[in-house]
Amino acid sequence: MTDKVLVVIPAYNEALNIERVVGGVIENYPMFDYVIINDGSTDNTAEICRKHNWRIIDLPVNLGLAGAFQTGLKYAHRHGYRYAIQFDGDGQHRPEYILPMKEKMNEGYDIVIGSRYVSERKPHSLRMFGSRLLSGAIWFTTGVLVKDPTSGMRMFSHKMIKEFADGLNYGPEPDTISYLIRHGAKVAEIPVVMDERILGESYLNPLNAARYMGKMLFSILLVQSFRIRDRR
């Protein structure tokens with residue numbers, strides 16, 4: 001098994017950001033492998049990647065983050081990567097934290113989360129109120145405190161890569177993290193700084209963010225108790 005990290009970059013209509021994001025990883029951190037998952041983009045995301053001869057997997061339709069990320073982990077599993085990291089194509093994640101996350105993984109963790117709130121206090125806002133609720137729900141159901149449950153910058157071990165690659169309904173979301181903790185996954189957080197999206201629009205407007213938090217809270221507190229684990 002290779003000791004390399006695979007940087008999985010899901011991208012949906014990220015033509016305004018993808019060149020800066022992927023170029024920054026390739027130019028400054030060539031020790032990491034990468035794969036771009038073009039999630040049925042309707043803009044010229046794919047054309048930009050092909051122009052640079054970047055490693056890209058095209059999905060014929062938009063599967064959403066869960067389907068795109070699972071595609072990336074199937075690729076990671078097939079090629080024997082020890083670690084894989086979710087790295088958003090919108091430019092919010094900083095690649096300088098990938099190596100510290102790998103070093104933390106080497107201590108024996110299954111999941112390492114790049115957290116904005118290890119040493120920083122969460123600001124007072126409706127979105128952060130939702131984050132606090134999710135942290136509380138995960139702690140209530142697992143006994144483990146995850147300070148930044150909505151962080152999308154997560155690194156997974158080979159064991160977790162296999163879980164995601166083989167499972168039919170594994171998405172990189174707080175409820176799945178909670179579920180995996182309940183089944184023995186060891187999780188750690190390291191402090192990171194995340195950038196604001198510079199170009200393009202996030203789907204998480206206030207209404208969608210509220211719906212997302214409610215859905216995750218319901219899933220963590222109720223749905224995960226009845227979920228059957230895929231043990232293929």
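Note: hydrogens, waters and symmetry copies are ignored here, and every other heavy atom, side chains too, is used. Computed from a predicted model, the values in this text were never measured in an experiment.
- Shown here are the ring-ring contact (aromatic ring centres under 6.0 Å, His included) partners of F87, two or more places apart in sequence or in another chain: H93.
- What you find for G72 and V8 is that their closest heavy atoms are CA-CG1, 3.8 Å.
- Using cut-offs of 30° and 60° for the angle between ring planes, the F164 and F69 rings count as perpendicular.
- Among residues at least two apart or in separate chains, there is no salt bridge (Lys or Arg N to Asp or Glu O under 4.0 Å) pair with a member in residues 21-30.
- Every side chain to side chain donor-acceptor pair (under 3.5 Å) that N38 has, sequence neighbours left out, goes to S41, D58.
- Here E19 pairs with K51 under the salt bridge (charged side-chain N to carboxylate O under 4.0 Å, His left out) rule; sequence neighbours left out.
- Looking at residues two or more places apart in sequence or on another chain, you find a salt bridge (charged side-chain N to carboxylate O under 4.0 Å, His left out) between D148 and R116.
- In the hydrophobic clustering of ILVMFWY residues, with side-chain heavy atoms under 4.5 Å counting as a link, Y75 and Y12 come out apart.
- Interatomic distance, D195 CG to R94 CZ, rounded to the nearest 0.5 Å: 4.0 Å.
- The shortest non-hydrogen separation linking Y97 to P191 is CE2-O, 3.8 Å.
- The shortest side-chain heavy-atom distance between I177 and M216 does not fall under the 4.5 Å cut-off.
- Between the S135 side chain and the S131 main chain, a donor and an acceptor come within less than 3.5 Å of each other.
- Contact record, G171 with A66: CA-CB, 3.8 Å, taken as the closest heavy-atom pair.
- Applying the salt bridge (charged side-chain N to carboxylate O under 4.0 Å, His left out) test to K147 and every residue at least two apart in sequence or in another chain returns nothing.
- With rounding to the nearest 0.5 angstrom, the CD atom of E14 is 8.0 Å from the CG atom of D43.
- Atom CD1 of I9 is separated from atom CG of D90 by 11.0 Å, given to the nearest 0.5 angstrom.
- Shown here are the side-chain contact (heavy atoms from CB on, under 4.5 Å) partners of T71, two or more places apart in sequence or in another chain: I37, I57, L59.
- With sequence neighbours left out, the ring-ring contact (aromatic ring centres under 6.0 Å, His included) criterion links Y109 to no other residue.
- Contact of the D39 side chain with the P10 side chain is not registered, since no non-hydrogen atoms from C-beta on lie closer than 4.5 Å.
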Practice task
Evaluate the side chain to side chain contact (heavy atoms under 4.5 Å, CB included) criterion for residues M31 and V5: first the C-alpha distance (whole Å), next the side-chain angles of each, then the deciding distance (0.1 Å), finally the verdict.
Solution key: CA-CA 8 Å; M31 72 287 290; V5 175; over 6 Å; no
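- V22 and M194 fall within a single hydrophobic cluster, where Ile, Leu, Val, Met, Phe, Trp and Tyr are joined by side-chain heavy atoms under 4.5 Å apart, directly or via other members.
- Of the inter-residue distances, the one linking N62 atom CG with N13 atom CG reads 8.0 Å to the nearest 0.5 angstrom.
- Residues I56 and Y34 are members of one and the same hydrophobic cluster, defined by side-chain heavy-atom contacts under 4.5 angstrom among Ile, Leu, Val, Met, Phe, Trp and Tyr.
- Aromatic ring pairs are classed by plane angle as parallel below 30°, tilted from 30° to 60° and perpendicular above 60°; the pair Y29 and F32 is parallel.
- Smallest separation of non-hydrogen atoms from K104 and A188: CE-CB, 3.9 Å.
- Atom CG of L73 and atom CD1 of I161 lie 6.0 Å apart (nearest 0.5 Å).
- Between H77 and H158 the shortest side-chain heavy-atom distance falls below 4.5 Å.
- Between Y81 and H79, the ring-plane angle classifies as tilted under the 30° and 60° cut-offs.
- Residues T141 and S178 share a closest heavy-atom pair of OG1-OG, 3.5 Å.
- Applying the side chain to side chain donor-acceptor pair (under 3.5 Å) criterion to S115, with sequence neighbours excluded, gives E189.
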Exercise for the section: List the steps and the verdict of side chain to side chain contact (heavy atoms under 4.5 Å, CB included) for Y83 and N106. Expected result: CA-CA 10 Å; Y83 301 131; N106 288 338; 2.7 Å; yes
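- In this structure R55 satisfies the side chain to side chain donor-acceptor pair (under 3.5 Å) test with no other residue, sequence neighbours excluded.
- Under the side-chain contact (heavy atoms from CB on, under 4.5 Å) criterion, A137 pairs with L217, I220, L221, not counting sequence neighbours.
- V118 and V112 fall into different hydrophobic clusters, where Ile, Leu, Val, Met, Phe, Trp and Tyr are joined by side-chain heavy atoms under 4.5 Å apart, directly or via other members.
- Rounding to the nearest 0.5 Å places CE of M153 at 12.0 Å from CD1 of I113.
- Remark: D110 pairs with S157, K159, M160, A185, K186 by the side-chain contact (heavy atoms from CB on, under 4.5 Å) rule, at least two apart or across chains.
- When atom types are taken as modelled, the side chain of N17 and the backbone of G89 share no donor-acceptor pair closer than 3.5 angstrom.
- Here the shortest heavy-atom pairing between R154 and P149 reads NH2-O, 3.2 Å.
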